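Working notes, beginning with the structure itself.
This structure is a prediction, so every number in the text was calculated from the model and none was measured. Indexing begins at 1, ligand by ligand and atom by atom, following the structure's order. Heavy atoms only: backbone and side chains are in, while hydrogens, waters and symmetry mates are out.
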Amino acid sequence: MLELYQITKKYKDKLALDKVSLTLDNGIYGLLGPNGAGKSTLMNIITGNIKPSNGQVKWNKQDIEALGAEYRSLLGYAPQQQGLYNTFTGRRFLSYMATLKGISKKEQPSEIERVLSYVNMTEAANRKIGTYSGGMKQRILIAQAILGDPKLIVLDEPTAGLDPKERVRVRERIQALSGDKIILVSTHVVSDIEPIAKEIILIKSGDLIDRDTVPRLCEKYGNVNDLEKLYMEIFGGDEHNASTGTL
Ligand code: ADP
Ligand code: MG
């Protein structure tokens, strides 16, 4: 179980997160909000990459800072930025990440084959990451996030910049991750997360607006019948339409 207590993050005088409290148990959660809402900041705090200005993150009742390496070993994270490690092959990158995660040299070969096969990247594994398509880069990022079978998986906009076919593939791979984990997936595109998320967490300008199932959210906000309309209702349409190319 992951618990956030009153998480606040300020970048100088910019308030990126304002007293966000949240408890998650196993399942897939969609973290939904427009650009600048605070999604990446929240994910970086959950993964321990940045410290909150205030508040606390707990894993099974223990502070994640106190847990340290133990927490990192049960955590998988795919950051939003791509373009790192372009000169590595996919396999070399996974081997590097496996070492960082403390997976022993003995266990690495089978674990790397497992995650490559999971994201359907076995055949491209010996090519340099720089030659991959956007979808392949996202899938290799997901592969490294699931190395060592982590109990908490955080994926920051894993479908950003992908074409419709690749989006579906990435979504299906996320969906197939087994049920005994917490999986948090951020997006500003409703259709990427709606079919697979147990609950949606709505975030706007650093505020957690609500978290609930899709039908309950639709009922609560403006009595709309789908999440796409709800998104428009809460966040407005312009940026969303621009980013998904539906205008
Ligand atoms: P999202 O991932 O939802 O697009 P971010 O968490 O990246 O949102 O950003 C939230 C807000 O914090 C934005 O206004 C952004 O400009 C600001 N921000 C993010 N990172 C920094 C930083 N390192 N320094 C200053 N401001 C930042
Ligand atoms: Mg972001």
Side-chain angles (χ1 to χ4, degrees), residues 2 4-22 24 28-57 64 75-85 134-135 137-142 144-145 152-162 166-167 170-171 174 182-194 196-197 199-212 214 217 221 227-228 230-246:
L2 183 73
L4 276 62
Y5 293 98
Q6 302 271 310
I7 295 290
T8 295
K9 178 67 188 178
K10 285 189 191 129
Y11 296 108
K12 300 207 175 81
D13 48 7
K14 165 85 198 171
L15 188 61
L17 291 173
D18 191 11
K19 300 199 187 83
V20 171
S21 295
L22 187 63
L24 304 180
I28 301 177
Y29 297 86
L31 180 60
L32 183 64
N35 287 328
K39 302 182 295 298
S40 295
T41 301
L42 189 62
M43 288 181 146
N44 271 306
I45 287 171
I46 288 171
T47 54
N49 290 317
I50 62 175
K51 283 188 187 164
S53 313
N54 261 304
Q56 214 181 7
V57 181
I64 62 165
L75 175 71
Y77 171 50
Q80 188 174 358
Q81 305 93 331
Q82 287 196 7
L84 301 171
Y85 310 110
K137 284 182 182 171
Q138 287 296 359
R139 281 186 279 138
I140 210 82
L141 270 178
I142 292 173
Q144 66 76 29
L152 171 62
I153 299 177
V154 177
L155 306 174
D156 198 352
E157 305 228 19
T159 51
L162 303 189
E166 285 176 325
R167 298 190 106 84
V170 165
R171 193 173 75 207
I174 295 169
I182 296 175
I183 302 169
L184 183 63
V185 185
S186 75
T187 183
H188 57 274
V189 181
V190 169
S191 57
D192 282 346
I193 196 66
E194 177 171 22
I196 64 170
E199 285 185 38
I200 302 285
I201 301 157
L202 296 169
I203 181 171
K204 181 182 183 180
S205 310
D207 289 318
L208 193 148
I209 296 180
D210 207 342
R211 54 84 58 95
D212 215 329
V214 171
L217 286 174
Y221 296 90
L227 189 63
E228 198 85 42
L230 170 71
Y231 190 102
M232 301 293 216
E233 195 81 20
I234 296 178
F235 301 117
D238 295 352
E239 186 205 5
H240 184 55
N241 283 335
S243 64
T244 53
T246 50

Can you tell me which residue and heavy atom of the protein come closest to atom 19 (C) of ligand 1, and the distance to 0.1 Å? Tyr11 CE1, 3.3 Å
Evaluate the side-chain proximity of Ile193 to Thr159: yes if any heavy-atom separation is below 4.5 Å, no if none is. no
Given side chains that start at C-beta, do those of Ile174 and Pro158 come closer than 4.5 Å, heavy atoms only? yes
For ligand 1 and Lys39, I'd like to know whether there is a polar contact (N/O to N/O, distance under 3.5 Å). yes
Can you find a pair of side-chain heavy atoms, one from Val20 and one from Ile45, that are under 4.5 Å apart? no
Ligand 1-proximal atoms of Lys14, by part, heavy-atom distance under 4.0 Å: side chain
Under a plain distance cut-off of 3.5 Å, with no hydrogens placed, do Tyr77 and Asn44 share a side-chain donor-acceptor pair? yes
Which atoms of ligand 1 have any heavy atom of Ala37 under 4.0 Å away? 1 (P), 3 (O), 8 (O)
Polar contact flag for Asn35 and ligand 1 (N/O pairs, less than 3.5 Å): no
Between Lys204 and Ile234 (side chain of the first, backbone of the second, donor and acceptor by atom type, cut-off under 3.5 Å), is there such a pair? yes
State whether the shortest distance between N or O atoms of Gly38 and N or O atoms of ligand 1 falls below 3.5 angstrom. yes
Say whether, by atom type as modelled, one donor and one acceptor occur between the side chain of Ser186 and the main chain of Glu157 under 3.5 angstrom. yes
Under 4.0 angstrom from ligand 1, any heavy atom of Ser186? no
If you round to the nearest 0.5 Å, how far is CD1 of Ile50 from CG of Leu17? 7.5 Å
Considering only non-hydrogen protein atoms, determine which one is nearest to atom 7 (O) of ligand 1 and report residue, atom name and distance to 0.1 Å. Ser40 CB, 3.8 Å
Mark up the atoms of ligand 1 that fall under 4.0 Å of a heavy atom belonging to Pro34, in ascending order. 3 (O)
Could you tell me whether a side-chain N or O of Lys10 sits under 3.5 Å from a main-chain N or O of Ser53, the two making a donor and an acceptor? no
Looking only at protein heavy atoms, identify the closest one to atom 9 (O) of ligand 1 and say how far it is in Å. Thr41 OG1, 3.9 Å
If you stand at the Mg ion (ligand 2) and look out to OE1 of Gln80 and OG of Ser40, what angle do those two lines make, to 10°? 80°
Can you check atom 15 (C) of ligand 1: any protein non-hydrogen atom closer than 4.0 Å? no
What protein heavy atom is closest to atom 4 (O) of ligand 1, reported as residue, atom name and distance in Å? Gly36 N, 2.7 Å
Please indicate, with yes or no, if any protein heavy atom is found under 4.0 Å from atom 26 (N) of ligand 1? yes
Among Leu202, Leu42, Val185, which residue satisfies the side chain to side chain contact (heavy atoms under 4.5 Å, CB included) criterion with Leu31? Leu42
